[in-house]
J.: 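Mind having a look at this structure? Questions to follow.
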Amino acid sequence: MGHLVDGKWSTEWYAPDAEGRFQRPRTKFHGWIRADGSTDHAPVAGRYHLYVSTACPWAHRTLITRALRGLEHAISVTVVDPHMGPDGWPFDARDPDPLGPSQFLRDVYLRAKRDYTGRVTVPVLWDRERATIVNNESREIMRMLDVECEPLATRGPSLAPPALRARIDEVLDAIYEPINNGVYRAGFAKSQKAYEDACRELFAALDRWNEVLERQRFLCGDAMTEADVALFTTLLRFDLVYYAHFKCNLHRIQDYPALWGFVRDVYQTPGVRETCDLDAIKTHYYWSQDAVNPTRIVPLGPTLDLDAPHGRTARTSA
Ligand SMILES: N[C@@H](CCC(=O)N[C@@H](CS)C(=O)NCC(=O)O)C(=O)O
C-alpha cells in the first residue's frame with residue numbers, strides 16, 4: 001500500500017489527523033461521460049474500461065450498476081488481485097491489464113498522468129480513445145454509468161430516475177460519513193476516542209436506517225436506487241469483515257431484521273449475486289491491512305445465508 005508523489009511510489013499508509021482520526025483524501029479524476037456531447041467523453045460501446053477490485057465496496061458500486069443497467073457488452077472490466085501489498089493493487093496474472101503492460105494499478109495512473117500525486121485507488125474508469133482516466137470516484141462513476149450511458153443500457157430501470165435524483169443525492173450524502181466511510185473511520189482510528197466516536201455514529205445511523213427499512217423496501221421508496229447500491233456494498237462486508245477487523249461490533253447486520261432482509265433482497269436481485277466475491281473481500285481486508293491485522297491470517301467464518309428468503313417483496317412505502 002502506498003501512494004504516488006510526482007509520479008514516484010511511496011509506501012505510506014493514510015496519515016491520521018492530530019486526534020488520531022482517519023482522513024480520506026479526495027480523489028483526483030473527475031471527468032464526465034456526457035450523452036449530450038458537452039464533454040470529451042461520449043458514451044460509446046467499447047470505449048471505456050473499468051478497473052475494479054471485487055473486494056472494495058466503492059468499486060463494487062460500479063460493478064453492480066454496470067450489471068443492473070446491462071452495460072457488460074459496452075464497458076469492459078479488469079479485476080485486480082485482492083492482495084494489496086507494499087506496491088498497491090497488483091494485477092492478477094489470470095486477468096491482465098488489456099490496455100498496456102502493467103504490473104500494478106499505479107501503472108494505469110501513471111499512463112494517465114506521469115507526475116500523478118495521490119492515492120492509487122479502485123474504481124478507475126479509463127477512456128481508450130483519449131488514453132486517460134475519466135474518473136476515479138465511485139459515486140460519480142455510478143451516476144455516469146446509469147444516466148449518461150443510458151443510450152448503451154440494455155437493462156433497467158434507472159437507478160437515478162430524474163424525479164428521485166435530489167432525494168437519492170441526499171441519502172447518498174447522509175449514509176456516506178457515518179456508514180460508508182464510518183466503518184473505515186472506526187477501523188483505521190489511531191486513538192480510542194476517534195474509534196469510539198466513529199463506532200457510535202455508525203451504529204446510530206444503522207439504527208435510523210433500519211427503522212426506515214422497516215417501513216419501506218428501499219432507502220428512497222419502493223424502487224432500488226444508487227443509494228441502495230451504496231448501502232448494500234458496505235453492509236455486505238459488515239458481518240464478514242467490519243464487525244471483527246474494524247471493531248464495529250456493537251451489533252451484527254444480522255441482528256437488524258430490516259437491514260439484513262435488505263442485504264438479502266439486493267443480493268438476490270438478478271445480476272447482483274455474480275458481482276459479490278466474499279472470499280476476495282475477506283482476503284483483501286485481513287491480508288492487506290497488516291497495520292490492523294499483522295498476522296495476515298484470514299478468518300474462516302462467518303457463514304452468511306444470503307440466499308435465505310428476504311420476504312420484502314410485498315413491502316411498500318408509507
Ligand atoms: N472515494 C473513492 C475511494 C476509493 C478507495 O478508497 N478504494 C480503496 C479500496 S476499498 C483503494 O483502492 N485503496 C487503495 C489505497 O488507498 O491505497 C471512491 O469512492 O471511489
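Both counts, for ligands and for their atoms, begin at 1 and track the order of listing. Throughout, numbering of the chain's residues begins at 1 and tracks the sequence.
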J.: Got Val183 and Leu202 here, is their nearest side-chain heavy-atom distance under 4.5 Å?
T.: yes
J.: Give a yes or no on whether the backbone of Asp87 and the side-chain of Arg106 come within a donor-acceptor separation of less than 3.5 Å.
T.: yes
J.: Would you say Arg139 and Tyr176 are linked by a side-chain donor-acceptor pair, where the criterion is simply a distance under 3.5 Å?
T.: no
J.: Name the residues in contact with ligand 1, where contact means a heavy atom under 4.0 Å away: which are they?
T.: Gly2, Tyr14, Arg24, Thr27, Cys56, Pro57, Trp58, Met84, Trp89, Arg119, Val120, Thr121, Val122, Pro123, Asn136, Glu137, Ser138, Tyr184
J.: How about Asp97 and Arg111: do any of their side-chain heavy atoms sit closer than 4.5 Å?
T.: yes
J.: Below 6.0 angstrom between ring centroids: does that apply to Phe91 and Phe104?
T.: no
J.: Quick one: closest heavy-atom pair of Ala194 and Arg21, and the distance?
T.: CB-CG, 3.7 Å
